[in-house]
2 protein chains.
Amino acid sequence: MTLAEENYLKAIFHLELETAGEISTNAIAERMDTKPSSVTDMVQKLSEKKLLIYKRYKGVSLTEAGRKVAAGVIRKHRLWEVFLVEKLNFHWDEVHEIAEQLEHIQSEELITRLDQFLGSPDFDPHGDPIPDKHGVLKRTEKKLLSEIEKNQQGICVGVKESSPEFLQYLDKKKVSIGTKITVLGKEFFDGSMIIQVFDDQFFISKTVAENIYVQTI
Amino acid sequence: MTLAEENYLKAIFHLELETAGEISTNAIAERMDTKPSSVTDMVQKLSEKKLLIYKRYKGVSLTEAGRKVAAGVIRKHRLWEVFLVEKLNFHWDEVHEIAEQLEHIQSEELITRLDQFLGSPDFDPHGDPIPDKHGVLKRTEKKLLSEIEKNQQGICVGVKESSPEFLQYLDKKKVSIGTKITVLGKEFFDGSMIIQVFDDQFFISKTVAENIYVQTI
DNA sequence: ACATATTTTTAGATTTGCCTAAAAATATAA
DNA sequence: TTATATTTTTAGGCAAATCTAAAAATATGT
Ligand SMILES: [Mn+2]
Ligand SMILES: [Mn+2]
Ligand SMILES: [Mn+2]
Ligand SMILES: [Mn+2]
């Protein structure tokens with residue numbers, strides 16, 4: 001597997017989780033910040049390697065083999081993110097770029113030992129689940145903060161968007177994984193909310209509420 | 001810096017330590033397991049980037065900039081080897097291939113923190129010195145076991161060759177970094193030796209003796 | 001010194017992954 | 001349903017890093 005191939009499989013894997021049905025060339029190109037013609041080239045190659053099913057003009061879907069490769073890369077990415085945060089004291093908004101590189105290091109044994117060293121974590125620093133060694137990704141019950149009603153409470157268990165900018169915003173508001181959030185008010189008109197975090201009460205936009213995952217309590 | 005460029009600079013750096021004078025195209029090709037014509041292409045590119053001095057038919061020598069890049073890559077390689085052995089419990093004969101990949105991860109901050117996490121080690125698991133953050137490599141006093149005379153003693157401080165095969169041979173003989181070695185006999189004819197390691201006395205060839213570094217005591 | 005051997009460079013291809021521009025297929029809308 | 005817009009593919013090229021084969025420069029031995 002080359003670096004480029006791994007990145008394509010990973011992107012398609014993520015798109016399949018977010019999207020119903022076949023994944024279009026354009027969607028992949030947008031996600032990967034490249035041109036549709038480049039995507040066509042690559043999916044033809046991956047199709048020959050039996051990592052995905054491709055029908056001209058009809059989009060692609062991963063085969064079991066392709067899904068496994070993708071899950072393996074995501075497993076590595078997330079384990080390295082845990083390492084960077086837990087062991088090297090990086091902040092959660094600093095690790096993604098470095099993990100993008102580390103996820104391509106090839107060594108079964110390395111990942112086995114890294115996983116052990118980290119205590120076989122189930123989630124990465126952004127609350128995303130870590131696939132097991134067979135590529136199985138267990139889904140947990142969680143909803144978006146925007147779906148929570150007034151006077152209900154939730155524990156933050158993850159973020160949908162994990163750009164440094166958004167994560168730094170959450171820091172400023174003292175929201176991190178495990179933080180209790182109480183919805184004090186919800187504006188019907190624009191979906192904005194007043195929430196309480198520890199002793200602070202403040203306003204958040206619908207956009208923010210749609211990017212925080214919670215478990216209701 | 002691309003991966004290929006970094007590997008060329010690293011190879012030339014090592015060749016300069018081992019060789020007097022200019023480094024030939026052929027020497028680089030042999031070290032890198034590639035063809036001389038490929039080397040010519042690459043050194044022309046690196047020359048344009050001012051990372052080395054190249055004169056047609058005359059060989060190359062690193063500039064200060066090139067030396068710094070090379071030392072940086074070697075620093076990363078050796079720090080990662082320490083990590084793999086000290087933290088992930090890899091054996092010293094298993095880490096080189098993985099470090100060959102990890103040495104190309106780009107992040108100043110990562111190396112700063114990794115170094116800290118490891119307690120700023122001075123040597124890697126094979127006894128090789130780790131360049132500091134400015135690319136300075138301090139040389140320590142050491143000689144080859146083959147240079148030691150009969151009845152003298154030395155502490156193993158490193159290995160010249162560090163292939164898995166050789167390291168596994170040393171393991172079998174219970175020789176590792178820090179091990180005391182006593183030369184009980186030395187054959188003038190072929191340079192072979194009888195040495196004592198802990199309570200064992202055994203024969204070693206000149207080849208073996210020429211690949212173990214010791215400090216006399 | 002001169003022929004021969006060796007080293008090094010050049011010329012021309014190849015592979016991977018990407019691009020732009022144009023053509024072909026598909027979707028949408030009057 | 002036919003024209004228009006959008007999506008997707010094809011055609012042709014480019015840059016990086018490699019290769020083989022041939023030419024050029026340098027080294028060596030008698
Ligand atoms: Mn990430
Ligand atoms: Mn993550
Ligand atoms: Mn090594
Ligand atoms: Mn080493």
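Quick note on labels: first sequence line is chain A, next is B, and so on, each numbered from 1.
Rounded to whole angstrom, the span from the CE atom of B:Met1 across to the P atom of D:dA16 amounts to 12 Å. Here the P atom of nucleotide C:dG12 and the CG atom of B:Asp41 are 14 Å apart, to the nearest Å. The CG atom of B:Leu46 sits 12 Å away from the P atom of D:dA16 (whole-angstrom rounding). Regarding A:Arg56, its CZ atom lies at a distance of 8 Å from the P atom of C:dT26, rounded to whole Å. Distance A:Asp33 CG to C:dC18 C1': 13 Å, rounded to the nearest Å. What separates CE of A:Met42 from P of C:dC19 is a distance of 11 Å, to the nearest Å. The separation between A:Lys58 atom NZ and D:dT9 atom C1' is 14 Å, rounded to whole Å. Rounded to whole Å, atom P of D:dT18 lies 13 Å from atom CD1 of B:Ile28.
Applying the 4.0 Å criterion to OP1 and OP2 of C:dT9, one finds that B:Gln44 has every side-chain N and O outside that range. Between A:Tyr8 and C:dT16 there is no side-chain polar atom (N or O) within less than 4.0 angstrom of OP1 or OP2. Taking only side-chain nitrogens and oxygens, B:Thr40 never comes nearer than 4.0 Å to OP1 or OP2 of C:dT8.
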Decide yes or no on salt bridge (Lys or Arg N to Asp or Glu O under 4.0 Å) for B:Glu103 and B:Arg75, but give the supporting numbers first. CA-CA 8 Å; B:Glu103 73 188 5; B:Arg75 173 172 164 78; over 6 Å; no
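At a cut-off of 3.5 angstrom, counting only N and O atoms as typed in the model, there is no donor on one side facing an acceptor on the other between the side-chain of B:Thr25 and the base of C:dT9. No hydrogens or angles were tested; on distance alone, nothing pairs the side chain of B:Ser24 with the base of C:dT8 as donor and acceptor under 3.5 Å.
Note: B:His96 and B:His77 meet the aromatic proximity criterion, with ring centroids under 6.0 Å apart.
For the pair B:Arg113 and A:Phe90, the cation-pi test (distance below 6.0 Å, angle within 45°) is passed.
For the pair A:Leu3 and A:Tyr57, nearest-nucleotide mapping onto DNA chain C gives the more 5' position to A:Leu3.
Closest to the side chain of B:Ser37, out of C:dC18, D:dT20, C:dT8, is D:dT20. Closest to the side chain of A:Asn26, from the set C:dC18, D:dT7, C:dT8, is D:dT7. For A:Tyr54, the listed nucleotide lying nearest its side chain is D:dT9; candidates were C:dT10, D:dT9, C:dC18.
Residue B:Lys87 places its NZ atom among more than 12 non-hydrogen atoms of other residues, nucleotides or ligands, all under 6.0 Å distant.
In this pair, B:Phe166 and B:Tyr169 present their aromatic rings parallel. The plane angle is below 30°, not in the 30 to 60° band.
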